Amino acid sequence: MNASFDERKKAVQKAYPWGCRSGWPYKAWLKAQRRYLARYAPKNEIAKKLPPTPLEQMIAKAKAQTPGEQQ
């Protein structure tokens with residue numbers, strides 16, 4: 001298959017097999033999606049174009065909170 005990275009990304013996202021995008025199945029899907037797409041991503045675009053891992057999502061959420069709001 002000679003598809004561009006963006007075409008592959010759209011196809012993988014469209015192929016999500018479960019309805020609800022939350023919980024363990026979604027996290028496993030994101031991990032598998034990231035692992036697959038990493039093989040085809042341009043080297044300088046890997047961090048920008050791949051979906052964030054749950055850890056990266058958590059870090060971004062923590063950075064978005066102000067110091068007074070953290071629990």
Side-chain angles (χ1 to χ4, degrees):
M1 182 168 147
N2 291 334
S4 70
F5 177 74
D6 290 329
E7 292 170 337
R8 287 177 192 274
K9 184 177 175 184
K10 286 179 186 177
V12 169
Q13 289 174 344
K14 196 175 201 178
Y16 182 69
W18 300 282
C20 183
R21 291 183 183 251
S22 66
W24 182 85
Y26 185 56
K27 289 178 184 178
W29 178 258
L30 287 175
K31 185 177 180 180
Q33 179 180 341
R34 187 176 182 88
R35 190 172 40 240
Y36 169 77
L37 290 173
R39 291 184 255 164
Y40 301 102
K43 298 298 179 200
N44 59 347
E45 297 289 326
I46 288 177
K48 289 191 254 177
K49 291 199 171 214
L50 295 179
T53 64
L55 179 60
E56 290 170 339
Q57 290 173 350
M58 184 180 72
I59 291 170
K61 185 177 177 182
K63 285 182 180 178
Q65 292 178 341
T66 59
E69 293 181 20
Q70 291 182 352
Q71 297 176 357

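Treat the numbers as computed from the prediction; the structure is a model and nothing was measured.
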Enquirer: Hey, what do you get for NZ (Lys61) to CD (Gln65), rounding to the nearest 0.5 Å?
Expert: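 Here the rounded value is 6.5 Å.
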Enquirer: What's the spacing between Leu30 CG and Arg35 CZ if we round to 0.5 Å?
Expert: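 Reported value, rounded in 0.5 Å steps: 11.5 Å.
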Enquirer: Measure the NZ-CZ distance between Lys9 and Arg34 for me, rounded to the nearest 0.5 Å.
Expert: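 Taking NZ in Lys9 and CZ in Arg34, the distance rounds to 10.0 Å.
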Enquirer: When rounded to the nearest 0.5 angstrom, what distance separates CZ in Arg39 from CG in Leu37?
Expert: 9.0 Å
Enquirer: Do you know the tightest heavy-atom contact between Arg21 and Tyr16?
Expert: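 In terms of heavy atoms, the two residues are closest at NH2-CB, 3.3 Å.
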Enquirer: What I'd like to find out is whether the side chain of Lys31 reaches to under 4.5 Å of the side chain of Lys27, using heavy atoms alone.
Expert: no
Enquirer: Has Tyr36 got a side-chain atom pairing as donor or acceptor with Tyr40's backbone, closer than 3.5 angstrom?
Expert: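 No, because the side chain of Tyr36 does not come within donor-acceptor range (under 3.5 Å) of the backbone of Tyr40.
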